Amino acid sequence: MENQKKSWVYTPHKISVWRSIGYGINDMNGASWGTLVGSYLMFFLTTYGKLSAAAVGMLFLIGKFLNGRL
């Protein structure tokens, strides 16, 4: 039994140029949605929430800091 090869779920693949482009496109997709949501929140909170742009920016900064700490 010790000579049996273990079956792995993950099989390593060579990271080619096309595979790295695919990873990069997926990362751009996530970053784009985050930018769109952040821009809308900035507009909404400054227009309808009557907050200054500096206050909203500070809220985003605190949120990013807490997200990184958790």
Side-chain angles (χ1 to χ4, degrees):
M1 283 196 199
E2 292 178 22
N3 293 337
Q4 288 181 347
K5 190 176 184 180
K6 292 183 179 180
S7 62
W8 292 89
V9 175
Y10 172 75
T11 55
H13 296 285
K14 181 184 176 204
I15 298 179
S16 64
V17 172
W18 291 109
R19 187 175 299 270
S20 63
I21 288 172
Y23 287 135
I25 288 173
N26 188 33
D27 187 45
M28 281 183 13
N29 180 26
S32 299
W33 280 108
T35 302
L36 285 173
V37 170
S39 298
Y40 176 74
L41 278 175
M42 178 69 88
F43 171 75
F44 180 81
L45 291 173
T46 54
T47 304
Y48 300 110
K50 305 293 186 204
L51 295 173
S52 68
V56 177
M58 188 60 70
L59 286 173
F60 287 169
L61 178 67
I62 292 169
K64 292 280 186 182
F65 179 73
L66 290 177
N67 189 28
R69 298 289 292 167
L70 299 176

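Keep in mind that what you see is a predicted model, and the values were worked out from it rather than measured.
The shortest heavy-atom contact between I15 and S20 is CG2-CB, 4.2 Å. The shortest heavy-atom contact between A55 and L51 is CB-CB, 4.5 Å.
Scored by the ring pair (Phe, Tyr, Trp, His ring centres under 6.0 Å) test, Y40 finds no partners at all (sequence neighbours excluded). Under the rule for a ring pair (Phe, Tyr, Trp, His ring centres under 6.0 Å), F43 has no partner lying at least two apart in sequence or in another chain.
In this structure, T35 OG1 and M28 CE are separated by 11.0 Å, a value rounded to the nearest 0.5 Å. Between L36 atom CG and L41 atom CG the span is 11.0 Å, to the nearest 0.5 Å. Between the CG atom in N67 and the CD1 atom in I62 there is a gap of 13.5 Å [rounded to 0.5 Å].
By the rule that hydrophobic residues join a cluster once side-chain heavy atoms approach within less than 4.5 Å of another member, M58 and F60 end up as members of separate clusters. Under the 4.5 Å side-chain heavy-atom criterion for grouping Ile, Leu, Val, Met, Phe, Trp and Tyr, L59 is not connected to F65 through any hydrophobic cluster. Residues L61 and V56 fall into different hydrophobic clusters, defined by Ile, Leu, Val, Met, Phe, Trp and Tyr side chains chained together at heavy-atom separations under 4.5 Å.
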